[in-house]
2 protein chains.
Amino acid sequence: MGKPTIGGTRYKEVKNAMLAALSTQEWKGGEVIPSEKRLAERFGVSIGTLRKAIDELVAENILVRHQGLGTFVAQHQRDRHFFRFFRVVRQDGDKTYPTVSLVSFKKGKATREIAAMLGIEPNARIFMFVNRLALHGATVMIDNIAVPEARFPGLTEAALRERPSTLYNFYQDAFHINVVGTEERLRVAVASEVESDLLDVPRNTPLLEIRRVAYSYHQMPVEVRISHVNTAHYEYVGPSASHEEPL
Amino acid sequence: MGKPTIGGTRYKEVKNAMLAALSTQEWKGGEVIPSEKRLAERFGVSIGTLRKAIDELVAENILVRHQGLGTFVAQHQRDRHFFRFFRVVRQDGDKTYPTVSLVSFKKGKATREIAAMLGIEPNARIFMFVNRLALHGATVMIDNIAVPEARFPGLTEAALRERPSTLYNFYQDAFHINVVGTEERLRVAVASEVESDLLDVPRNTPLLEIRRVAYSYHQMPVEVRISHVNTAHYEYVGPSASHEEPL
DNA sequence: AAGTGGTCTAGACCACTAC
DNA sequence: TAGTGGTCTAGACCACTTA
């Protein structure tokens, strides 16, 4: 496979070549990729080496293997890895899907802070929207979401409202943007006026604030969100610290 | 290697056999384990199969490989994986080691809640102690820690105070207890009287509450702690959601 | 130089899925 | 039955560490 990418070892080269094929949408979300045998021939390596590259992409939840069927580009589905990205559960441990409703939608320009997090220029155009999330019938969480217009051309409020599945699934189907990882920072904040209205709590009620950056392949940031959670009856599930990379 | 453990596949059997050798302290924290060649002979598998078993144990941070040196039982060291377990950083991202001081130490009996989390009988004897953690000179976090007396025989306040390194390193050296993973739940709480004194904040200041269970091999719970963090200038680093198991 | 883990090969055989 | 991924083998050669 020549040397189109760096990485030192053959399987890293293969992995990077596969990431490239994913980035260019040669392989799209949910589709099968060629068989291991074919890929080994294409990249000029043995099956074992090819498998080691796939092993890592599977460990990173970028590909999914199905014995007897083939290897697929991972797709965001409500009933599959949803709780990897939605980490709020009831204090007794009960996990349920949130009911999401769009509160507002507008275009604007990125503040310096948002721009830095998204890796775009300050004042670059972004979309901003707010989601209200309810669990067991009560609003528990407010998401303030920002995405760069350049990566989401033509995004509209109607499209957001009418999306059939999860937000990240929508990003994938409508914009070929695959969210494969996030980084989150948590602190305590207090409810603003808007938030206290939406969450039905008094002004200045302490809330859990989550600042998230979502990444696509090659750590490319694609979305920033600041969430506020009422943890009176719910809590946030942190990392499990086994099979976890050092900070 | 007969069939001392289940698991379906050869390499899972090997992995379980290795976990057993770790549990029985045949291989102790920080020590080298036998070479891949020797282990392959011992378990009656090929090098490749043996390596697959080790691969998983390395991915779980239970073993560490050093090319040219050998494979070692992972050991808790202040300068190595410390920040996998200590996830509080300054809001500008600055990571520093906390200065820890023991506030109190006592024996007692496990409440039903603590007992459930530790997997021991209610009213079983436990040690309880409180640590104060300072960053950049100011107290930022209070840890309330509980461990079962049965697993920490002879633990004393003096030993805790005089430990030369991190708490988990102390568990490993003094009690052969290897913490290999944790589970954490986060919510907002308010400062009790003791906490407001120690953290130097007004009573009822909202704090970040972290409930952690620490596990050794085979998901055996060994420690429970409830921490409270003043997030005025610090924050909690959440999971990275790539290479992360589904919940 | 000897011993270790790191990478890579070129297969074999099995289990699962679809037709 | 044919094609897929899953496991396993028995080596080879390389890079690194210690002596």
Side-chain angles (χ1 to χ4, degrees), chain A residues 1-19 21-22 27 30-75 80 245, chain B residues 1-19 21-22 27 30-75 80 245:
Chain A
M1 55 167 291
K3 290 186 167 47
T5 50
I6 339 156
T9 65
R10 306 271 262 140
Y11 81 87
K12 286 284 184 191
E13 278 181 24
V14 172
K15 182 183 173 186
N16 284 331
M18 293 182 74
L19 277 170
L22 289 162
W27 304 329
E31 292 182 2
V32 215
I33 69 173
S35 76
E36 297 184 341
K37 189 164 174 298
R38 244 178 278 275
L39 288 173
E41 286 164 5
R42 164 166 165 181
F43 295 128
V45 295
S46 74
I47 295 271
T49 302
L50 188 275
R51 279 184 65 79
K52 186 153 183 179
I54 295 186
D55 283 346
E56 291 201 355
L57 293 169
V58 168
E60 293 167 22
N61 296 297
I62 290 173
L63 297 178
V64 178
R65 286 200 263 231
H66 287 295
Q67 190 172 358
L69 281 175
T71 303
F72 298 76
V73 182
Q75 192 166 28
R80 281 188 57 83
E245 81 292 358
Chain B
M1 56 168 289
K3 291 190 165 46
T5 50
I6 338 156
T9 65
R10 306 271 263 141
Y11 81 85
K12 286 283 184 192
E13 277 181 23
V14 172
K15 182 183 173 187
N16 283 330
M18 293 182 73
L19 277 170
L22 290 162
W27 304 329
E31 292 181 2
V32 215
I33 69 172
S35 75
E36 297 183 341
K37 189 164 175 297
R38 244 180 278 275
L39 287 173
E41 285 164 6
R42 164 167 165 181
F43 295 127
V45 296
S46 74
I47 295 272
T49 303
L50 189 273
R51 279 184 64 78
K52 185 152 184 181
I54 295 187
D55 282 347
E56 290 201 355
L57 293 169
V58 168
E60 293 166 23
N61 296 296
I62 290 172
L63 297 179
V64 178
R65 286 200 264 230
H66 288 295
Q67 191 173 357
L69 280 175
T71 303
F72 298 76
V73 182
Q75 192 166 30
R80 281 189 55 85
E245 81 292 357

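Bear in mind that the values here come from a model prediction, so they are computed numbers and not experimental data. Side chains are part of it too, since the values below use all heavy atoms of this structure and drop only hydrogens, waters and symmetry mates.
The NZ atom of K37(A) sits 16 Å away from the C1' atom of dT9(C) (whole-angstrom rounding). In this structure, L57(B) atom CG and dG5(C) atom C1' are separated by 15 Å, rounded to whole Å. Spacing between atom CZ of R51(A) and atom C1' of dG11(C) amounts to 14 Å, rounded to whole angstrom units. In this structure, the CG atom of L50(B) is 13 Å from the C1' atom of dT4(C), given to the nearest Å. Across the protein-nucleic acid pair, H66(B) atom NE2 and dG3(C) atom C1' stand 16 Å apart, rounded to whole Å. Rounded to an integer number of Å, the gap from L63(B) CG to dT4(C) P is 16 Å. One can place CZ of F43(B) at 17 Å from P of dA10(D), the figure rounded to the nearest angstrom. Counting to the nearest Å, the C1' atom of dC14(D) and the OH atom of Y11(A) are 14 Å from each other.
The side-chain heavy atoms of L19(A) and I62(A), taken from C-beta on, include a pair separated by under 4.5 Å. Inter-residue side-chain proximity for L22(A) and V73(A) is flagged as met; some heavy-atom pair is nearer than 4.5 Å. The side-chain heavy atoms of M18(A) and W27(A), taken from C-beta on, include a pair separated by under 4.5 Å.
Under 4.0 angstrom from either OP1 or OP2 of dG6(C) there lies at least one side-chain N or O belonging to R65(B). Neither OP1 nor OP2 of dC8(D) sits under 4.0 Å from any side-chain N or O of T49(B). Between S46(A) and dC8(C) there is no side-chain polar atom (N or O) within less than 4.0 angstrom of OP1 or OP2. Applying the 4.0 Å criterion to OP1 and OP2 of dG3(D), one finds that R38(A) has every side-chain N and O outside that range.
A salt bridge does not link K52(A) to E56(A): none of the charged side-chain nitrogens sits closer than 4.0 Å to a carboxylate oxygen.
Across the interface with DNA chain C, nearest-nucleotide mapping of G48(A) and L69(A) shows G48(A) to be the residue nearer the 5′ end. Heavy-atom distances to DNA chain D give each of G68(A) and I47(A) a nearest nucleotide, and the one nearer the 5′ end belongs to G68(A).
Nucleic acid contact class of K52(B) (heavy atoms, under 4.0 Å, all strands): sugar-phosphate only.
Between the R38(A) side chain and the I33(A) main chain, no donor and acceptor come within less than 3.5 Å of each other.
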